Amino acid sequence: MSTLRTFTSYGRGAGSARVRVFDWLDYLSLDATSETYLGTSNNSGRTLATHPWGVVQAEWRLRAATRNIADATTLISRQASPLSAGRLEATLLSKAARGIYDFDDALGLSPAGGTASLSSKQRVWTNSVRAADIVIAGNANLAEQALRLNDNVVIIPSCVDPAQYERKTTYEISRVPRALWIGSPSTESYLKTISTSLLALHASHGLRLTVISAGDASLGALDIMIDRKDWSPHGFGDDIRQADFGVMPLVDNEWARGKCAYKLLQYGAAGLPMIGSPVGANAEVLTHAGAGAPSTTDEWIAEMERMIDASPDSRAAQGELALHTVAEKYSFSAWAPTWARTVGVAAPRE
């Protein structure tokens, strides 16, 4: 069995790299050589500018890897270098004994022109999908895009391990009902799409919204009902348990249809009832969990009001079904045999 080498442009602090690569290595106790560029949670222009020597070293290591990877299985998640236009990733994949490319966003839709042309994620995605022996896509929509360039595509959703989540145990609503949203600063704007609905429930029921993220940017009119918490790998469990339901709004466009519903899976792993926009992978998760799937402002108001006014037993049943759905269809244990077979590592014991 060949050596497994993984390449991500972010370290464990970044959601995608953690979920798509590092959580799998940990779950299966795999001994892999991991190249994480700077090891940071982002590769913004500011981050790269403040680590010039680190960038030079990372680029040197990646070029060196292309010369000694012939006996290895190579797994690249999204991209190996934030400065690449795809040729580097294609070389790492094509020269490896087994080249695997994994992605969980609609990177093929990223802009390729203007200032982004040199290191466009679209160019990286295109070159990587074409060069890979196997492509792992996070959902059916993404797989359809990849199949236009490569006929060996496997769907493996982003997964969670319910055993790692603190389970919600009480479903009584206190004097102040509480919704929860967990994510990153780049996706907080989705909350603005349901601001009218959230504010209506704030006015009628006193609803508060806990936002677990890494930023503190204003969300406009929503600021009056938001309580912010900083995200940390192990620091959000209690916030999930204290919430009454989780929300995941999206807009219905090609980019959002590439999302892998990870927020919903986190809610479900903790037994938290959920409400989300029926877009892309969200629709599948919500259907399996029998959860609210509103599309309009009035529907969002109605679903959140129904959740608040429901009996504790009803909310508990919704949380239980959400947990069952995640465990059966979106957990590491459910997908471990497929992931191991696709990557070419020892399969876990049944």
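Quick caveat: nothing in here was measured; it's all calculated off a predicted structure.
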Ion pair Arg78/Glu89, N-O distance below 4.0 Å:
no

Check the orientation of Trp24 and Tyr27. Use parallel for under 30°, tilted for 30 to 60°, and perpendicular for over 60°.
perpendicular

Any Lys/Arg nitrogen of Asp105 or Lys259 sitting under 4.0 Å from an Asp/Glu carboxylate oxygen of the other?
yes

Could you tell me whether Lys168 and Glu320 make a salt bridge, using a distance below 4.0 angstrom between a side-chain N and a carboxylate O?
no

Any salt bridge between Arg208 and Asp227, counting N to O under 4.0 Å?
yes

Any salt bridge between Asp26 and Arg12, counting N to O under 4.0 Å?
yes

Quiz question: by atom type and distance under 3.5 Å, do the side chains of Ser34 and Thr36 form a donor-acceptor pair?
no

If you measure only the distance, is there a donor-acceptor pair under 3.5 Å linking the side chains of Asp104 and Ser16?
yes

If only side-chain N and O atoms count, and only distance matters, is there a donor-acceptor pair under 3.5 Å linking Ser44 with Thr47?
yes

Pair Arg257 + Asp252: basic N to acidic O under 4.0 Å:
yes

Taking atom CZ of Arg87 as the centre, report whether more than 12 heavy atoms of other residues, nucleotides or ligands fall under 6.0 Å from it.
no

Looking at Thr74, Thr73, Thr33, Asn68, which hits side-chain hydrogen bond (donor to acceptor under 3.5 Å, both in side chains) with Arg5?
Asn68

Is it true that Asp102 and Arg20 have a side-chain N and a carboxylate O under 4.0 angstrom from each other?
yes

